[in-house]
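Reading through the structure tokens given below for one structure.
Values below: every heavy atom of this structure, side chains too, minus hydrogens, waters and symmetry copies.
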2 protein chains.
Amino acid sequence: MNSAARPPAMSDVAALAGVSHQTVSRVLNDHPSVRPETRERVAEAIAQLGYRRNSAARTLVTRRSGTLGVVTPATALYGPTSTLVGLEEAARVVGWFVSVATIRQFDGDSMHTALEHFLGQGVDGIAIIAPTTEVAQAIAAIASPVPVVLISSASDVPPVPHLHAVGVDQRHGARLATQHLLDQGFTEVVHVAGPQDWFDAQDRLAGWREVSGPGAPEHIEAGWDAADGYELGLRMVREGVPRAIFAANDQLALGLLHAFWEKGVRVPDDVAVVGFDDEVGAAHYTPPLTTVRQDFGALGRLAVDSLQAAFAGEDVARQQIPAELVVRASSIRPAETAHGA
Amino acid sequence: MNSAARPPAMSDVAALAGVSHQTVSRVLNDHPSVRPETRERVAEAIAQLGYRRNSAARTLVTRRSGTLGVVTPATALYGPTSTLVGLEEAARVVGWFVSVATIRQFDGDSMHTALEHFLGQGVDGIAIIAPTTEVAQAIAAIASPVPVVLISSASDVPPVPHLHAVGVDQRHGARLATQHLLDQGFTEVVHVAGPQDWFDAQDRLAGWREVSGPGAPEHIEAGWDAADGYELGLRMVREGVPRAIFAANDQLALGLLHAFWEKGVRVPDDVAVVGFDDEVGAAHYTPPLTTVRQDFGALGRLAVDSLQAAFAGEDVARQQIPAELVVRASSIRPAETAHGA
DNA sequence: CGCGCCCATGTGAGCGCTCACCCCGGCGCC
DNA sequence: GGCGCCGGGGTGAGCGCTCACATGGGCGCG
């Protein structure tokens, strides 16, 4: 009945089981040199007392907290949040906790604050879902004592020590999307690019250009939001709508679809549209959106693996996961389209 | 040059500044009884050494980790992820870290594991974004030594000690949505409800029923996904499309819009649709969706406030944040609709 | 049969911090 | 002018764990 006073410590368990605290520790850490019988007694004492190992004490002496710090943008954007979920699951599999810091902007100050925050907390590694060029610079300036993994396609991250990079191969995904449109018979694909200070946006642009060739028209730069796509769509309606568009993400594509629908421009009959992300709901846009899917679960696992390799002192090369094209109605060439008008 | 060996400790700072470790501690904790001059010397030593307070040691002695554990479903659903972001920001304002655990299902086992995980880590409080009835029971069975706040409308959470509940007033939001449709002149509003083991779904249903009155038709139960809405929409097209629908979330509404568009049923001309959530992109659905917006930032702050009140021993009543109706084209009665066919 | 080695377990120190307590000197007050 | 009080600061213990080492009994081997 005195349970409220202080949670049971290892010594309490030891006393109850009639062993030393060290034996309890050995049981907890699966040390081989413990007789099954002793192990049993200790396990019983633990259960009886409701003992739970104090991780602060453990961290203090081992200098390892078993915690992964994740820096993520303060938005509900599909990509970043899915990546966070993927990371958490991968981290848990290897027994890590995940601590989160969101940041509103990726300037040096915000990044510095976030990293400082994590280092003070004693995290064992840091993952940054924050794919702007500013980030890499901010990190380079900090010289983290623990490994850092940057999650983005990041094809030109400066080679900073301890800084690894993993990502879905955005460039490959962009090639798939662009090639798909060309395969449909469109001779020219217009690219609505994302903010060019984001690695992902840069790479999607690069992938598009690789397939489109040098003769392709200039890309159009926009933000990541549907509102940007909508504005741009309205402008296209005024100035001329292309036959095929590859948008840098699904939200941009959604905004375009909205503008086209509003102005009576038919998709895919008048213009084919492809997005990127395969957001929840993309299958139900008007019309259902052809897009590029990313495997965020695999991405999380890759990031965690990369961090673990860093602990082991391995010099990990940049690693990428392939993307996958998901074909839906928005990009199917008119002749083949089925749904009645 | 021996910096790599061991990070500087408080005693190192003390030695450099020519004071005792306790004085350094006082400076760090803003204790008043330190001469400005001394404070200055200590601050300099800290900067020079790049000292960072070891939070594990601090946690060990204070028994407070300054960490908030958040349990959230393992999905990129708009509501949960937005709530997570809101929580993190509110937590940071009061100086808390946020640790995250995602769970795939809200059964007792998963919840138990997640809470056990956090308690071992020594979190000071736990927030659960997990609005199913199963959750409340699972929590009640655990008897957490730290305060727990359940984030959901949760109008019938059992009165468990230490268990607080905060949420956006789903019932109110549902009333707004339903009343809006009635105000448009529709005599009957059909409700497509979410999974009834979710508190939010229950409350949206209840709000709809309050305004619709007992004479209203039975609601239709579905999941949370666009695919569910789509299936249902197709069924409605076969069996009869109502004049006005209030869907339990935007994804369901999106699926309905998809089915209606595909089958040539016009929105809002033939059927008015209202959703719930105001997801990113809802303004750009076809047509733009009337929906109910929730202030997740305020929700996060309320949850954190509630936890702090719990520390102070206050017996906090259940608190709710009002929702806000956002009117767009999908619900505007035909006569008033503007965009040309 | 005695030496050494390994298995099983115990002992003590110390991780870096905060808390409780002690100490010293100056100043106001009766 | 002595006493108490308070500002400014120091000392030591101990939070709960792990690590390095000590111990002691059994068993294989020459």
task: Return the nearest nucleotide to the side chain of Arg58(B); candidates are dT18(D), dT18(C), dG16(C).
output: dT18(C)
- prompt: Once you round it to whole Å, what is the distance between P of dC15(C) and CG of Asn54(A)?
  reply: 18 Å
message: In the structure I gave you, are the side-chain heavy atoms of Thr83(B) and Leu299(B) within less than 4.5 Å of one another anywhere?
response: yes
- prompt: When all nucleic acid strands are considered with a 4.0 Å heavy-atom cut-off, which category describes Ser20(B): base, sugar-phosphate, or nothing?
  reply: base
field: Exercise: do Ser99(A) and Gln121(A) side chains pair donor with acceptor under 3.5 Å
entry: yes
- prompt: Met10(A) CE to dC19(D) C1': how many Å, rounded?
  reply: 12 Å
task: Measure from CG on Leu60(B) to C1' on dT18(D) and round the result to the nearest Å.
output: 12 Å
query: Does dG16(D) have OP1 or OP2 sitting under 4.0 Å from an N or O in the side chain of Arg63(B)?
result: yes
message: Looking at every heavy atom in both Ala17(A) and Ala45(A), which two are closest together, and how far apart are they?
response: CB-CB, 4.0 Å
query: How long is the line joining NE2 of His21(A) and P of dC19(D), in whole Å?
result: 13 Å
query: Hey, is the side chain of Thr59(B) poking within less than 4.0 Å of OP1 or OP2 on dC17(C), counting only N and O atoms?
result: no
- request: Choose from dT18(D), dG8(D), dA8(C) the nucleotide whose nearest atom is closest to any side-chain atom of Arg35(B).
  value: dG8(D)
statement: Ile46(A) CD1 to dG16(D) P, in whole Å, measures 16 Å
statement: Ranking dT18(D), dG16(C), dG9(D) by distance to the side chain of Arg26(B), first place goes to dG9(D)
task: Search all heavy atoms of Val304(B) against all heavy atoms of Ala90(B) and return the closest pair with its distance.
output: CG2-CB, 3.7 Å
message: Let's see if you can work this out: which of dC19(D), dC19(C), dG16(C) has an atom nearest to the side-chain heavy atoms of Gln22(A)?
response: dC19(D)
message: Heavy atoms only, 4.0 Å cut-off, all strands: where does Arg53(B) land among base, sugar-phosphate and nothing?
response: sugar-phosphate
task: Nearest whole angstrom, please: distance from the C1' of dC19(C) to the CZ of Arg64(B).
output: 15 Å
- prompt: Taking for each residue the nucleotide of DNA chain C bearing the nearest heavy atom, is the 5' side occupied by Ser11(B) or by Gly18(A)?
  reply: Gly18(A)
task: Would you mind telling me which residue lines up with the more 5' stretch of DNA chain D, Pro32(B) or Ser25(A), judged by nearest nucleotide?
output: Pro32(B)
field: Toward the 5' end of DNA chain D, by each residue's nearest nucleotide, Pro36(B) or Asn29(A)
entry: Pro36(B)
SB check Arg63(A) Asp124(A) (cutoff 4.0 Å): no
- prompt: Across the strands shown, which category fits Thr38(A) at heavy-atom distances under 4.0 angstrom: base, sugar-phosphate, nothing?
  reply: sugar-phosphate
First of Val19(A) and Ala57(A) reached from the 5' end of DNA chain C, by closest nucleotide: Val19(A)
field: Atom-pair distance (CD on Gln121(A); P on dG16(C)), nearest Å
entry: 18 Å
- prompt: Considering only heavy atoms from C-beta outward, does the side chain of Leu150(A) approach that of Ile129(A) to under 4.5 Å?
  reply: no
query: OP1 or OP2 of dG16(C) less than 4.0 angstrom from a side-chain nitrogen or oxygen of Arg6(B), does that happen here?
result: yes
- prompt: Expressed in angstrom and rounded to an integer, what is the separation of His31(B) atom NE2 from dC19(C) atom P?
  reply: 11 Å
